[in-house]
Amino acid sequence: MSKLLSVLELCICVIYSWTWAQADNCRILKYKPVVQGYSLQGHVLKSFELKREIDCTARCFVEHNCMSFNTGLLDGSGTYLCELSDSDHEMHSEALKPKYGFTYHATENACIKNPCSPNALCQNGFTDEGYRCLSNRANSQALEATPQMSSIASTFTVVPVPDFINQTSLSLYVGQNKDIFCPVPARGNSSVFWMHQNSLVLPDGILIEGSLVLKITSANFNHSGNYTCVVENVNDQSDTVLLLTLHITYPDTCSRVRANISDVSGDYVIDPDGSQGKDPFGVYCNMTDKGGVGVTVVSHDSENRTHVNGCKQSGCYSRNISYLGASLSQLSDLTEASSYCEQFISYECHGAKLFKRDKSWWVSRDGVRMKYWGGATNKDGYCACGVAGNCARSDSGCNCDADDAVWREDSGFLTHKTHLPVSQLRFGDTDARKEEGYHILGKLICYGIT
């Protein structure tokens, strides 16, 4: 049989091949911080020699009378001694004693309040109350039925192992979904345990499906850490068949969001230079523009059509551009992480020069004065009409440089991404009664993955 095991319910069940798969056999164990250099003595229920220390956690879980356990590396053997105890330091404080090289592991134990009658056995971690009471007869039957690791038998389907399964590290983006498969060997009478940071309690938002699949839904930073898939076989042998360190990061661009997380337009958080660099910041992701590649859109405070007048000297009108939620340095990282970036720029003029006699310019993100306009990348003194050869005057590179009493316009997209975003606009030659202009600067948009 198979069953969806939900860590959201903090309930990890072992499905046996007999009738133990009942609601009251669903066990919850919450572990307390370990105590180094100590062990609980005089209450050992069972002991094992194991290849890995973390396997003792699984042993305690399936031994229903286990309330705590000790682990210690055996000298020269490379194996660990695992001692399961039917008590803990709160029930027998005098039993917790120093022991070099050992570690004491305790659970949150509902049985310390003696909730059962004197003739009943209290087992920790069962039912909504956190414990269950077994009568003498039930106690005897429970002891007989309590499964040894060699008796746990589940039916597994061998799943083809994905390419990443042999890696020791995996990176996911915040909000990403992922299935991680445990490559269980093709043999019967095996039991599978998933662990996170040496605990059987997995983070919220992670489910175990059919024992073999760890389903991560909408990854977040609480999901980071080490995951282990442990297989116990019929001979009491413990094999860690998957050791995986999971890293969670923000995506670097909206194209990455589109490729790995969602195709829904909206607000997202990105981190173009990675988790070790500058802070992440919020952007709008347009998932339909540019063929649906995932476009990063960054707004600023100067997008409206803005009047320019009363300024004669070159560049005497100045407009600093402030981008919302991100610095120029952060946006520089965005352009580097994107294949393409662009920003629309427009100037409507009436008797006001643009580049003629160096009257106007724009400033790059690095503070460099730029003398080309949208549609004429890196061609100083030119606008789109100058490149196309259709300006108002044939001897001018821009319509506005006709410098006549006619409303004209130069506009286009700035596409040299190492110059973007625009940090400042500068205009002049608008001092006379009929000399004026209007500027428009569009949002910074970037797309594609470098």
Side-chain angles (χ1 to χ4, degrees), residues 298-324 327-329 331-332 335 340-446:
V298 183
S299 300
H300 59 81
D301 64 352
S302 303
E303 296 175 20
N304 295 331
R305 184 171 178 261
T306 304
H307 194 207
V308 180
N309 68 346
C311 183
K312 178 180 180 179
Q313 302 301 319
S314 296
C316 55
Y317 172 92
S318 176
R319 178 79 177 193
N320 293 322
I321 313 301
S322 179
Y323 291 87
L324 305 184
S327 66
L328 291 176
S329 178
L331 296 179
S332 173
T335 65
Y340 307 98
C341 291
E342 60 187 45
Q343 194 165 12
F344 179 77
I345 191 169
S346 172
Y347 189 55
E348 301 168 55
C349 53
H350 188 276
K353 304 178 188 69
L354 189 56
F355 290 127
K356 191 174 183 179
R357 298 180 182 174
D358 293 330
K359 288 297 182 180
S360 305
W361 61 88
W362 61 275
V363 180
S364 73
R365 70 187 188 209
D366 297 321
V368 178
R369 181 187 295 191
M370 294 294 165
K371 299 179 181 180
Y372 69 89
W373 209 243
T377 300
N378 285 342
K379 196 171 178 64
D380 284 358
Y382 277 78
C383 300
C385 70
V387 175
N390 57 8
C391 292
R393 287 183 53 165
S394 59
D395 60 346
S396 298
C398 298
N399 288 318
C400 287
D401 286 336
D403 194 23
D404 53 11
V406 178
W407 277 106
R408 302 191 184 278
E409 178 184 353
D410 287 298
S411 61
F413 284 93
L414 303 170
T415 59
H416 198 303
K417 69 174 189 172
T418 61
H419 295 163
L420 298 178
V422 175
S423 65
Q424 188 184 65
L425 297 174
R426 303 292 293 267
F427 297 98
D429 193 32
T430 59
D431 60 316
R433 186 171 60 87
K434 294 184 178 181
E435 292 178 340
E436 58 182 323
Y438 289 90
H439 67 73
I440 297 175
L441 182 65
K443 303 176 189 291
L444 174 67
I445 64 174
C446 295

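Since the model is a prediction, treat every value here as computed from it, not as a measurement.
In terms of modelled atom types and a separation under 3.5 Å, the side chain of Asn309 and the main chain of Glu436 share no donor-acceptor contact. With hydrogens and angles ignored, the 3.5 Å screen pairs no side-chain donor or acceptor of Lys417 with any backbone N or O of Cys341. Checked by atom type and distance alone, the side chain of Ser423 pairs as donor or acceptor with a backbone atom of Val363 at under 3.5 Å. Between the His419 side chain and the Asp366 main chain, no donor and acceptor come within less than 3.5 Å of each other. The backbone N or O of Asp358 lies less than 3.5 Å from a partner atom in the side chain of Ser314, making a donor-acceptor pair. A side-chain donor-acceptor contact under 3.5 Å links Trp373 to the backbone of Asp410. Put simply, the side chain of Arg365 gets close to the backbone of Leu420: a donor and an acceptor are under 3.5 Å apart.
Scanning both residues, Ala384 and Ser411, for their nearest heavy atoms gives CB-O, 3.9 Å. In this structure, Gly428 and Cys316 approach most closely via the heavy-atom pair CA-SG, 4.3 Å. Contact record, Gly374 with Leu414: N-CD2, 3.5 Å, taken as the closest heavy-atom pair. The minimum heavy-atom distance between Ala405 and His350, with the atom names listed, is O-NE2, 3.4 Å. Nearest approach of Gly397 to Cys385, heavy atoms of both residues: O-SG, 3.8 Å. Here the shortest heavy-atom pairing between Gly437 and His307 reads O-CD2, 3.3 Å.
By the 4.5 Å heavy-atom criterion applied to side chains, Tyr438 and Trp407 are counted as neighbours. Residues Phe427 and Leu354 form a side-chain contact, since some pair of their non-hydrogen atoms from C-beta on lies under 4.5 Å apart. In this structure, Ser302 and Leu425 have side chains that are not in contact, with every pair of non-hydrogen atoms separated by 4.5 Å or more. The shortest distance between side-chain heavy atoms of Asp429 and Asp403 falls below 4.5 Å. Residues Asp401 and Arg393 have side chains not in contact (no heavy-atom distance under 4.5 Å, counting atoms from C-beta outward).
To the nearest 0.5 angstrom, Asp431 atom CG is 12.5 Å from Arg433 atom CZ. Here CZ of Arg319 is found 10.0 Å from OG of Ser322. Values are rounded to the nearest 0.5 Å. In this structure, the separation between OG1 on Thr377 and CD on Glu342 is 10.5 Å, given to the nearest 0.5 Å. From Ile445, atom CD1 reaches atom OG of Ser299 across 11.5 Å, with rounding to the nearest 0.5 Å. Rounded to the nearest 0.5 angstrom, Phe355 CZ and Met370 CE are separated by 11.0 Å. Atoms CD1 and CG, on Ile321 and Asp301 in that order, are 6.5 Å from each other to the nearest 0.5 Å.
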With side chain to side chain contact (heavy atoms under 4.5 Å, CB included) as the test, would you mind laying out the steps for Tyr317 and Thr430 before giving the verdict? CA-CA 9 Å; Tyr317 172 92; Thr430 59; 5.8 Å; no

Pair Cys398, Cys383 - check disulfide (SG to SG under 2.5 Å), show working. CA-CA 5 Å; Cys398 298; Cys383 300; 2.0 Å; yes

Show, in sequence, the C-alpha distance, side-chain angles and deciding distance for Cys400 and Cys349, and conclude whether the disulfide (SG to SG under 2.5 Å) test is met. CA-CA 6 Å; Cys400 287; Cys349 53; 2.0 Å; yes

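Phe344 CZ: more than 12 foreign heavy atoms inside a 6.0 Å radius.
For residues 304-313, the set of pairs meeting the salt bridge (Lys or Arg N to Asp or Glu O under 4.0 Å) definition, not counting sequence neighbours, comprises Arg305-Glu348.
Aromatic ring centroids of His300 and Tyr323 lie under 6.0 Å apart.
Checked against side-chain contact (heavy atoms from CB on, under 4.5 Å), Arg369 has the following partners two or more places apart in sequence or in another chain: Trp361, Lys371.
Just one of Val298, Thr415, Leu441 meets the side chain to side chain contact (heavy atoms under 4.5 Å, CB included) condition when paired with Gln343; it is Leu441.
Checking Tyr372 against His416 by side-chain atom types alone, no donor-acceptor pair falls below 3.5 Å.
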